Amino acid sequence: MPRTLITSALPYINGIKHLGNMVGSQLPADLHARYLRARGHEVMFICATDEHGTPAEIAAARAGQPVAEYCAEMWQVQKDLADGFRLSFDHFGRSSSPQNRRLTQHFAGRLDKAGLIEERSSRQVYSNADGRFLPDRYVEGTCPNCGYDRARGDQCENCTKQLDPTDLIEPRSAISGSTDLEVRETKHLFLLQSRLRGDLDAWIDRQTDWPVLTTSIAKKWLHDGDGLQDRGITRDLDWGVPVRKGDEPWPGMEGKVFYVWFDAPIEYIAATNEWADANGGDWERWWRTDKGADDVRYVQFMGKDNVPFHTLSFPATILGSGEPWKTVDYLKSFNYLNYDGGQFSTSQGRGVFMDQALEVLPADYWRWWLLSHVPESSDTEFTWEAFQTDVNKDLADVLGNFVSRVTKFCRSKFGEEVPAGGAWGPRETALAETLAIRLANYERHMDAIEIRKSAAELRSIWVAGNEYLQEAAPWATFKTDLETAAMQIRLGLNLVRLYAVLSAPFVPDAAATMLTAMRVEGADWPTDMAEALGALPAGHAFDVPDVMFAKITDERRADWAERFAGTRG
RNA sequence: GGCGGUGUAGCUCAGUUGGUUAGAGCAGCGGAAUCAUAAUCCGCGUGUCCGGGGUUCAAGUCCCUGCACCGCCA
């Protein structure tokens with residue numbers, strides 16, 4: 001059985017993600033996972049919250065909670081929302097897990113042994129009032145260049161000049177506002193990525209089937225300017241993985257933690273370990289090529305902003321360890337989803353957030369629209385008008401109405417069981433042939449993770465059912481030839497079953513509704529079209545389902561457009 | 001400022017290594033049908049492929065340049 005390991009970029013813990021975040025990682029990853037499971041693959045689908053770092057500490061402080069407690073609560077919130085969107089993770093982990101702490105320390109120890117870690121001293125701003133070192137962006141002050149009084153320590157947003165925190169006039173802590181700051185000498189560990197440049201370059205060169213978006217970003221970072229830079233992998237924080245060399249203490253690094261970008265991707269592995277600990281499975285057969293992972297295909301999903309970390313930093317960690325870990329086989333990256341002429345914005349609360357989306361409509365509406373418009377080759381625009389017309393047309397009119405017209409016609413003319421009699425003619429054979437071709441196209445696009453094309457093909461498959469009904473016109477046939485009408489509607493009911501199976505990766509809830517209505521449990525992916533269209537035999541009882549997709553009215557659309565235009569709340 | 005991306009029908013987008021009359025869905029117009037969520041099906045598109053140069057027998061597709069919008073800068 002083919003085995004596929006799928007990871008979605010990890011959502012950061014400090015708040016609820018918006019649809020733009022989800023559409024570029026978790027949602028397409030889920031589509032792929034569901035599809036491959038339906039095709040009989042053994043799938044391990046992993047996601048987790050990325051919990052460490054300063055933003056989490058600050059968010060917790062704002063919420064008046066200890067950071068561990070805050071993260072635990074937010075993890076539950078994100079887990080519930082993932083469930084709400086039917087994201088079918090095999091495990092939704094936490095980068096703060098003991099498994100990740102152990103693995104992160106293990107990798108650091110290995111990298112050190114390989115001579116790839118160096119200690120370097122740097123001068124950093126320390127806030128006495130806050131009792132901590134401040135990352136550059138958390139030092140604010142007046143810009144020496146333009147006089148803007150809210151310049152950040154890394155850059156002035158007003159004049160865009162790059163700054164060092166010590167350049168700022170009257171610097172203060174962005175956390176507490178305290179001006180009681182001093183510059184202290186502190187030591188940090190650096191991962192000597194520059195030494196791995198040749199290995200990484202060769203590794204990237206081998207990925208000939210990756211999207212250009214992915215490899216071009218990696219190449220740029222490898223070759224531009226001075227090339228790949230060594231990277232600080234530790235921070236002076238409390239919240240994080242304590243710096244250790246594997247099981248050993250790291251002299252001089254007491255009280256420091258690994259930088260969030262060092263431990264976060266390791267959580268992909270650790271989350272699988274968490275899964276194994278919780279379910280009694282073997283996680284190493286997914287990750288260690290010396291322990292059975294040789295035949296695993298590993299696919300990652302992420303937005304384009306995450307590509308450098310997954311093509312360079314994380315591979316540097318893995319390759320540098322010198323151990324036989326699995327590296328990514330295919331990296332699917334996405335552009336951005338824009339919201340009504342601008343960007344989705346977490347800080348400004350602009351756009352639709354995961355919790356709000358589920359408040360106004362069921363998951364399938366969002367899944368369908370977002371996946372069929374996923375920003376694969378360029379940025380994509382979300383507008384309420386487009387969302388309304390597309391969803392009403394595709395889901396309510398084309399798919400939902402197909403199910404209604406078939407089941408209701410049958411109930412009124414033949415009763416609630418699959419009618420007997422009649423035999424296929426040329427029209428039915430032609431439909432089966434058309435569907436077989438379209439199914440092959442659908443599979444090809446789904447295999448290649450060409451999501452928009454997959455959605456378009458699936459929609460064509462739905463349309464084919466309406467075309468057939470329109471031409472066959474069982475309501476007319478019924479008046480003159482009862483047997484043929486029975487055959488036609490029997491085929492229609494079988495199409496409902498087929499559509500449930502094929503549509504499940506995109507709209508799992510609607511698919512389940514359709515299968516339940518057809519009184520079918522666990523339908524297999526079709527291999528022979530004619531056979532699949534005869535799966536429901538004469539006499540098989542079914543139920544007429546409720547309207548599957550209520551249409552979005554102009555009033556509701558206008559309402560939402562207004563509600564989500566500005567700030568959350 | 002540096003780097004990168006985008007600019008194709010009213011809208012959202014496809015357009016493989018340059019090659020026949022530039023495509024899809026939606027919207028719009030006309031028709032058929034009436035089983036169905038006023039739902040379906042069929043037919044209808046001469047769009048300076050952002051502008052300007054250039055390479056070529058041939059460019060939306062390559063090169064240069066200008067403009068506009070956008071992103072990233074650890």
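Letters A, B, ... mirror the listed sequences (proteins, then strands); counts begin at 1. Just so it is clear, the model here is predicted, and its values are computed rather than measured.
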Could you tell me the separation between the [atom1] atom of [X] and the [atom2] atom of [N], rounded to a whole number of Å?
| X | N | atom1 | atom2 | result |
| --- | --- | --- | --- | --- |
| A/H373 | B/U12 | NE2 | P | 10 Å |
| A/N338 | B/C69 | CG | C1' | 11 Å |
| A/D305 | B/A74 | CG | P | 14 Å |
| A/F387 | B/C13 | CZ | P | 16 Å |
| A/N335 | B/C72 | CG | P | 12 Å |
| A/L399 | B/U40 | CG | C1' | 13 Å |
| A/E385 | B/G28 | CD | P | 14 Å |
| A/F382 | B/C70 | CZ | C1' | 20 Å |

Open item on the list: Under the criterion side-chain contact (heavy atoms from CB on, under 4.5 Å), I'd like the reasoning laid out for A/L370 against A/L337: C-alpha separation, chi angles, the key distance, then a yes or no.
Closed with: CA-CA 9 Å; A/L370 292 169; A/L337 181 69; 3.8 Å; yes

Gap in Å between the two [atom1] atoms, one belonging to [N] and one to [M], rounded:
| N | M | atom1 | result |
| --- | --- | --- | --- |
| B/C64 | B/A74 | C1' | 33 Å |
| B/G51 | B/C44 | C1' | 32 Å |
| B/U46 | B/G25 | P | 16 Å |
| B/G53 | B/U17 | C1' | 26 Å |
| B/U55 | B/G28 | C1' | 42 Å |
| B/C67 | B/G30 | P | 46 Å |
| B/G15 | B/A59 | C1' | 13 Å |
| B/C11 | B/G47 | C1' | 14 Å |

Open item on the list: If you go through the side-chain atoms of A/Q470, does one of them form a donor-acceptor pair with the base of B/U40 closer than 3.5 Å?
Closed with: yes

Open item on the list: Check this for me: does the side-chain of A/N401 come within 3.5 Å of the base of B/A36 through a donor and an acceptor?
Closed with: yes

According to the Watson-Crick and G-U wobble definitions, with both distances under 3.5 Å, which nucleotide is paired to [N]?
| N | answer |
| --- | --- |
| B/A36 | none |
| B/U6 | B/A68 |
| B/A24 | B/U12 |
| B/U17 | none |
| B/A59 | none |
| B/G30 | B/C42 |

How would you label the contact of [X] with the nucleic acid (heavy atoms, under 4.0 Å): base, sugar-phosphate, or nothing?
| X | result |
| --- | --- |
| A/V463 | sugar-phosphate |
| A/T380 | sugar-phosphate |
| A/F549 | base |
| A/R459 | sugar-phosphate |
| A/A396 | base |
| A/T389 | sugar-phosphate |

- [ ] For the residue pair A/N21 and A/Q26, confirm or rule out a side-chain donor-acceptor distance under 3.5 Å.
- [x] no

Open item on the list: Can you identify which nucleotide, out of B/G15, B/C41, B/C13, has its nearest atom closest to the A/E381 side chain?
Closed with: B/C13

Open item on the list: Using the ring-ring contact (aromatic ring centres under 6.0 Å, His included) definition, which of the options A/W261, A/F314, A/F262, A/Y259 pairs with A/F309?
Closed with: A/W261

Task: OP1 or OP2 of B/G25 under 4.0 Å from side-chain N/O of A/K393 - done: no

Task: Distance below 4.0 Å between A/K408 side-chain N/O and B/A39 OP1 or OP2 - done: no

Task: Ring-on-base stacking B/C35 with A/W475 (under 5.5 Å, under 30°) - done: yes

- [ ] Give a yes or no on whether the backbone of A/E267 and the side-chain of A/S95 come within a donor-acceptor separation of less than 3.5 Å.
- [x] no

Task: A/R452 (side chain) donor-acceptor with A/V374 (main chain) under 3.5 angstrom - done: yes

Open item on the list: Does this structure show an ion pair linking A/D397 with A/K551, if we count only N-O contacts that are shorter than 4.0 Å?
Closed with: yes

Open item on the list: If the threshold is 4.0 Å, N to carboxylate O, is there a salt bridge linking A/E450 and A/R444?
Closed with: no

Task: Which residue lies more 5' along RNA chain B, comparing A/E467 with A/S404 via nearest heavy atoms - done: A/S404

TODO: Assign each of A/M548 and A/A476 to its nearest nucleotide of RNA chain B by heavy atoms, then name whichever residue's nucleotide is nearer the 5' end.
DONE: A/A476

- [ ] Supply the atom-to-atom distance A/T54 OG1 to A/F133 CZ, rounded to the nearest 0.5 angstrom.
- [x] 12.5 Å

